[in-house]
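Reviewing the structure listed below.
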Amino acid sequence: MITPKSPTKTSSKVTTSGTGDLSTEEFRAMGYRLVDWAANYLDTVGTLPVLPPVKPGWVRSQLPPAPPSEAESLADAIADLDRIITPANTHWNHPAFFGYFSITGSMPGILGELVAAAYNVNGMLWKTSPAATELEEVVLGWLRQMLGLPDGWFGIVHDTASVASLCAIAAARESLDLKIREEGMAGRTDLPRLRMYTSEHAHSSIEKGAIVLGLGQQGVRKIPVDSEFRMDAEALEKAIREDIAAGWKPFCVCATVGTTSTTSVDPVPAIAQICKRHHLWLHVDAAYAGSAAILPEKRDILAGCEHADSFVTNPHKWLFTPVDFSAFYTSKPDILRRAFSLVPEYLRTSADEEVKNLMDYGVSLGRRFRAIKFWFVVRAFGVQGLQSRIREHLRLARELAGWIDASPDFERLAPTPFSTVCFRAHPHGLEDGKRLDALNEEVLEKVNATGRAFLSHTKLEGKFTLRLAIGNLRTTEERVRETWALLNECLKQAL
Ligand SMILES: *Cc1c(COP(=O)(O)O)cnc(C)c1O
């Protein structure tokens, strides 16, 4: 039920300045209050249920269906955060959020978002914010160095890896010089059917990119994986030869460093050789695991990536930067630009010869000042600080993997190269596949229903697989231990 607002709580408090905006006093008061609110939220988020116990429609039922016609105080909206929004939120900043890929909106990143909103620039052209364009270039240069990627690669920030990979496939297609930009693809008899390759374990965004670009799902050939879920390079070579013989035009391979189900790493050096031999664009999707390459001892996960034509990694996944921040690099910015640049007269500037206008390198014209939050994160933690945090997540995952391996009731279903553990309950004597799937599904539901932890699942070789991903700064060994105990407890109940 919606309680009607008492008139004393509303418009009387709102003072607008001559600008029509809030007065700066009001802004300060609400701003300090919201920083306190956020600090308190982050201090207590670990006590909240990770998954909210709400039914579909509950949030809607708490909100007025029509907008307020008179001004309300922001204080009322802040009160509603606690009353309606927090109780219906899935808490991604919770220390026991282990689903999908666990992430962190760190405090420096949160403050960076505030600054970006205050500037509110649209960085479509260099001229529309030299600072946004050049800070983006600088921080992507920093990240490139941190990951050991080649000097001179061009970088751009996108909202998501999905969009970055779409841009990569578009550039790969543009590199064929088939006049697709001018004439399109439909109805052309002079055009061979284009095909790209990625593993069976690649992220769905690769196929989606191909769908959007008109290549069709049949334009993506999924290459089988080996026993550790890595693309089989020999099978790739064979598929390309078969396709050429059958009249297809292979043009692109997308390798994955850190697949979404198991975080397996495709053999990029071998794939790069195949790409070179057949003149194919090599795109590397390292959305999650790329961040681990900031550790010298993990640098080898990017072996072969120096030969890539394009590469994406998401600092909003495992570098403590709030969603959204996806870093996209290419060694062929001219081709990327050819795929996307379309400049109407009103966006021409006298600086165009000397500068990069980032609107020329992607789909969207407008762009947020995303570089600020990443800049704050890297400065506030330092490279060493980022390294030690990722190292700790790797250690926690190794600990958990050890407990699973030592348990008579659980088994690991994939190697654990990073901080994501794939496993299932498999009590002694229970061998029926269907019953094991049902049992694990039940364990997962029981664990998640407690609100004390949240895990997600995948399917590996037909087996229902539990997936526990560690990536939040607030996750401690204690939390991982508690969750392990909870898994064991829920298994006992389910049996
Ligand atoms: C998470 C993930 C993606 C998708 O990332 P978005 O930024 O949400 O589009 C793509 N590829 C891999 C390997 C991922 O782990």
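Counting starts at 1 for both ligands and their atoms, following the listed order.
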Item to complete: Consider only side-chain N and O atoms of H201 and S199, and report whether a donor and an acceptor are under 3.5 Å apart.
Response: no
Fill in: Polar proximity ligand 1 side, A287 side, N/O cut 3.5 Å exclusive
no
Pairs of donor and acceptor atoms involving the side chains of residues 149-160, under 3.5 Å and at least two apart or interchain, shall be tabulated with distances.
{"residue": "D151", "atom": "OD1", "partner": "R144", "partner atom": "NH1", "Å": "3.2"}
{"residue": "T160", "atom": "OG1", "partner": "V163", "partner atom": "N", "Å": "3.3"}

Item to complete: Number the atoms of ligand 1 from 1 as they appear, then name those within less than 4.0 Å of a heavy atom of H316, with their elements.
Response: 7 (O)
Worksheet item: Yes or no on side-chain hydrogen bond (donor to acceptor under 3.5 Å, both in side chains) for Y288 and T420, after CA distance, side-chain angles and deciding distance?
Response: CA-CA 10 Å; Y288 156 72; T420 301; 3.3 Å; yes
Practice prompt. Starting from atom 10 (C) of ligand 1, locate the nearest protein heavy atom and write down its residue, its atom name and how far away it is, to 0.1 Å.
Written response: H203 CG, 3.3 Å
Fill in: Residue of the set K249, K238, R195 for which salt bridge (charged side-chain N to carboxylate O under 4.0 Å, His left out) holds with D243
R195
Worksheet item: Backbone, side chain, both or neither: what part of N314 comes under 4.0 angstrom of ligand 1, heavy atoms only?
Response: side chain
Item to complete: Using distance alone, decide if ligand 1 has a nitrogen or oxygen within less than 3.5 Å of any nitrogen or oxygen in T256.
Response: no
Discussion item. If we only consider heavy atoms of S205, is any one of them less than 4.0 Å away from an atom in ligand 1?
Written reply: yes
Worksheet item: Is it true that F325 and F320 have ring centroids separated by less than 6.0 Å?
Response: no
Discussion item. Main chain of K463, side chain of T465: is a donor-acceptor contact present, judged purely on distance under 3.5 Å?
Written reply: yes
Worksheet item: Which heavy atom of the protein is the closest neighbour of atom 15 (O) of ligand 1, given with residue, atom name and distance?
Response: K317 NZ, 2.9 Å
Worksheet item: Short N/O distance, under 3.5 Å, between D285 and ligand 1?
Response: yes
Fill in: Top protein contact for atom 9 (O) of ligand 1, by heavy-atom distance
S162 OG, 2.5 Å
Discussion item. Which of the numbered atoms in ligand 1 are under 4.0 angstrom from any heavy atom belonging to T260?
Written reply: 12 (C), 13 (C), 14 (C), 15 (O)
Item to complete: State the atoms of ligand 1, each with its element, that fall below the 4.0 Å cut-off from a heavy-atom position in G258.
Response: 13 (C)
Discussion item. Less than 6.0 angstrom from the centroid, inside 45 degrees of the normal: does R368 satisfy that with respect to the ring of Y119?
Written reply: no
Worksheet entry | Numbering as shown, the atoms of ligand 1 that approach F101 to under 4.0 Å (heavy-atom distance) | 15 (O)
Worksheet item: Hey, would you say the F340 and Y361 ring centroids sit under 6.0 Å apart?
Response: no
